[in-house]
Each structure stands twice: as structure tokens, then as C-alpha cells.
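These numbers come from the heavy atoms of this one structure, side chains and all, not from hydrogens, waters or symmetry mates.
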Amino acid sequence: MATGTEPPDTEPHPVRGGVRTGTRAAIDAPHLRTDRWWLAPAATAAGLLAFIVYSTWRAFADTDYYAAPYVSPFYSPCLAERCEPMRHGPNWELFGSWWGISPAIIILIFPLGFRLTCYYYRKAYYRGFWASPPACAVAEPHKKYTGETRFPLILQNIHRYFFYAAIVVAGILTYDTVLSFRDENYEWGHMGLGTVVFLVNIVLIWAYTVSCHSCRHIVGGKLRHFSKHPVRYRAWQFVGRLNARHMQLAWASLVSVALADFYVYLLASGAFDDPRFF
């Protein structure tokens, strides 16, 4: 049945690959949006690239990651024998002298794996780096689309398991935050600017972790009747409210963990001393 929207038979379909093929609507323009739709994916790519460059530098630096009582979140827990000694800190010599590179490489795979497989971050770097798709209501430029059904993207399904690892890492970073209430001589009852930095960071880390879609499913999934599970229902509502801010929490926690690491770097490298409040 004709709808009045079909192009004339004499008008050839533009064949340019991607969604602009003979089976699609005969639209010559690559997209119909006239706004600056490219700003969002470009800004996303720039932000992620900046973090990748910074975190790679710090992860392989293997120095300036501990200034009592603060330890960089990039190096916590420190699991190599070659780690700097931290009194009561999160250093466990599980990897012996044979481990010759930065100990940050051991632990960073878990929080980075959690973020790389995160539903929001997938959207962010799919659009920012792969243009798949570039933006909402903008044509997919690739010739074919298989989603996450083939290797390597099918590995994104292990996100739920990285969530469990992220919970453990967040717990250890919480322990680090508690230790930040000591001074450089490991005496308790002190608070410095670094303590505030660590407090803000751990709050954002927990908020981002708990707002995860996998967490929401674990808390409230597979329930037939919420009325029979009032505690899980309230927890599901709480996680749902955080989940609505998952994107903002993802970026805020990404910035905060980098700032926490940079603050420790400045202290450990002797750039300045930690200001003390009491």
C-alpha cells in the first residue's frame, strides 16, 4: 500500500555503505540534524582519551604513589613484594620478587574492567571512538552491525562479574579512606586536605558502583511480587534513583579517582605538604 513517502522509481537509491544502502530510505544527506551533534561524542572522546593518557602514565610510573598516610587508588591494594611499605596499609605481598613491573598493573584490571564493560561507558566510547552510532538520530556509518554478539564485544557480558570485583576494590578504598584520618606519623585523630579528597572520592566511587545496572538487577531482579520483599524493594528504589544519574556519577568518579591519585603524587614527589585541619 502506498503511503506517499516512497521515492519515485526513477530516483536511484544512494549506495554509500552503512545505513545508506538500497534497502534504506533514499536520503542523500548523511544526516538530517542541523545542530552541532558532533560536540557530545567529540567531548566524550577527548575526556576519555585524557584519562587514558593520564592513567597509563601513572600506572607504569611505579613511583610517587604513597605519602603517609595516603596511598594512590591506582596502587591500592598493592600486591607485589616490591611495593613501598605502608604501615597497616593495603599492601599484601602476594606477588614475589619475580614481578618486575609496576604493581598498579595487577589491581587496575578490575576497576578498569568494570568501567570498560559498564553500560554507560560502552555507549560513550562506542559513539566517541567508533561512531557506532555517532549520535542519536545520526546515521550509522558502518557497513554492517552485529552488536555485541561476536568476539571481542561479546566479552562485554562479563560486566556483572567485574561488578563483584569492583565491590571488593571499593571496600579496600574505603579502608584507605579510614586510614587517611592519621597523620604522617600514623597517629589517629587527624584530618588533612587529603582526607577530604579521599572522602569525596570514596563517596563517588560507591555511588557509581551501586548505581550500576547489574547492581540494580541483583537487588531487585527476578522478584515476582515486590510486596513480599519490602526490604529489597526499597533497596531497588534507592539503586534506581542512583541509576538515573549513572552517567553523571561515572564521570564524577572518573575525575575524582584521577584527582586523588594526582594529589598523592604531588605529596609523594615533594611538591607541597598536606595542609592539616586538626
Side-chain angles (χ1 to χ4, degrees), residues 47-116 162 165-188 190-206 208-209 251-276:
L48 292 177
L49 185 61
F51 180 81
I52 290 171
V53 171
Y54 174 80
S55 60
T56 301
W57 164 58
R58 288 294 294 141
F60 284 95
D62 194 19
T63 186
D64 297 328
Y65 58 84
Y66 182 67
Y70 310 117
V71 56
S72 164
F74 286 4
Y75 288 80
S76 179
C78 204
L79 303 179
E81 184 180 297
R82 63 200 306 276
C83 293
E84 293 187 21
M86 310 175 197
R87 185 174 177 181
H88 304 303
N91 50 329
W92 305 302
E93 299 178 2
L94 302 181
F95 290 71
S97 57
W98 57 270
W99 186 264
I101 60 176
S102 172
I105 307 302
I106 303 173
I107 194 62
L108 278 181
I109 184 62
F110 299 107
L112 288 180
F114 178 60
R115 289 183 183 266
L116 282 173
F162 273 120
I167 288 290
V168 175
V169 172
I172 295 172
L173 295 183
T174 302
Y175 176 71
D176 295 343
T177 303
V178 173
L179 294 182
S180 71
F181 284 90
R182 303 180 301 175
D183 63 11
E184 62 276 5
N185 298 314
Y186 306 103
E187 297 293 332
W188 288 95
H190 299 274
M191 182 177 182
L193 178 59
T195 309
V196 177
V197 172
F198 272 52
L199 280 171
V200 172
N201 179 56
I202 196 57
V203 168
L204 291 174
I205 289 291
W206 273 115
Y208 165 65
T209 304
W251 280 104
S253 60
L254 194 73
V255 173
S256 71
V257 73
L259 287 178
D261 170 81
F262 187 64
Y263 188 83
V264 175
Y265 165 75
L266 292 177
L267 294 180
S269 62
F272 67 94
D273 295 325
D274 183 42
R276 292 287 171 174

On the 0 to 90° scale, with breaks at 30° and 60°, tag the Tyr65-Tyr75 ring pair as parallel, tilted or perpendicular.
parallel
What do the steps show when you test Ile105 against Ile109 for side chain to side chain contact (heavy atoms under 4.5 Å, CB included), and what is the final call?
CA-CA 7 Å; Ile105 307 302; Ile109 184 62; over 6 Å; no
Walk me through it: do Trp206 and Ile167 pass the test side chain to side chain contact (heavy atoms under 4.5 Å, CB included)?
CA-CA 8 Å; Trp206 273 115; Ile167 288 290; 3.7 Å; yes
Report yes if the side chains of Phe181 and Leu199 come closer than 4.5 Å at any heavy-atom pair, otherwise no.
yes
Of the non-hydrogen atoms in Pro103 and Ala80, which two are nearest, and what is the gap between them?
CB-CB, 3.8 Å
Could you grab the distance from atom CZ of Phe60 to atom CZ of Arg58, nearest 0.5 Å is fine?
13.0 Å
Measure across His190 and Asp183 and return the closest heavy-atom pair with its distance rounded to 0.1 Å.
NE2-OD2, 3.4 Å
When the ring centroid of Phe272 is compared with that of Tyr263, is the distance short of 6.0 Å?
yes
What's the shortest heavy-atom distance between Gly194 and Asp274, and which atoms?
N-OD1, 3.0 Å
Is the shortest side-chain heavy-atom distance between Phe74 and Val257 below 4.5 Å?
yes
Residues Ala258 and Phe51: closest non-hydrogen pair is CB-CE1, 4.1 Å
Inter- and intrachain pairs under disulfide (SG to SG under 2.5 Å), touching residues 63-106, at least two apart
Cys78-Cys83
Any heavy-atom pair between the side chains of Trp251 and Leu48 that's under 4.5 Å?
yes
4.5 Å side-chain heavy-atom contact, Thr209 and Val169
no
Test side chain to side chain contact (heavy atoms under 4.5 Å, CB included) on Asp176 and Tyr70 and set out the steps.
CA-CA 7 Å; Asp176 295 343; Tyr70 310 117; over 6 Å; no
Could you give the distance from OG1 (Thr177) to CD1 (Ile202), rounded to the nearest 0.5 Å?
4.5 Å
Donor-acceptor pairs are to be reported for all side-chain atoms of residues 84-99 against protein atoms at under 3.5 Å, with residues two or more places apart or in another chain.
residue	atom	partner	partner atom	Å
Trp99	NE1	Ile101	O	3.0
Trp99	NE1	Ser102	O	3.3

Can you name the nearest heavy-atom pair linking Thr195 to Ser180, along with the distance?
OG1-O, 2.8 Å
Work out which heavy atom in Ser256 is nearest to a heavy atom in Asn201; give both atom names and the distance.
OG-OD1, 2.8 Å
Does anything in residues 68-83 pair up under salt bridge (Lys or Arg N to Asp or Glu O under 4.0 Å), and if so which pairs, sequence neighbours excluded?
Asp62-Arg82
Side chains of Ser76 and Leu173 in contact at under 4.5 Å (non-hydrogen atoms):
yes
Test log, rule side chain to side chain contact (heavy atoms under 4.5 Å, CB included), inputs Phe262 and Val197
CA-CA 11 Å; Phe262 187 64; Val197 172; over 6 Å; no
Are any of the side-chain heavy atoms of Ser253 and Arg115 separated by less than 4.5 Å?
yes
How long is the gap from CG on Leu254 to CG on Leu259, to the nearest 0.5 Å?
10.0 Å
Mind checking whether Leu193 and Phe198 have side chains closer than 4.5 Å, heavy atoms only?
no
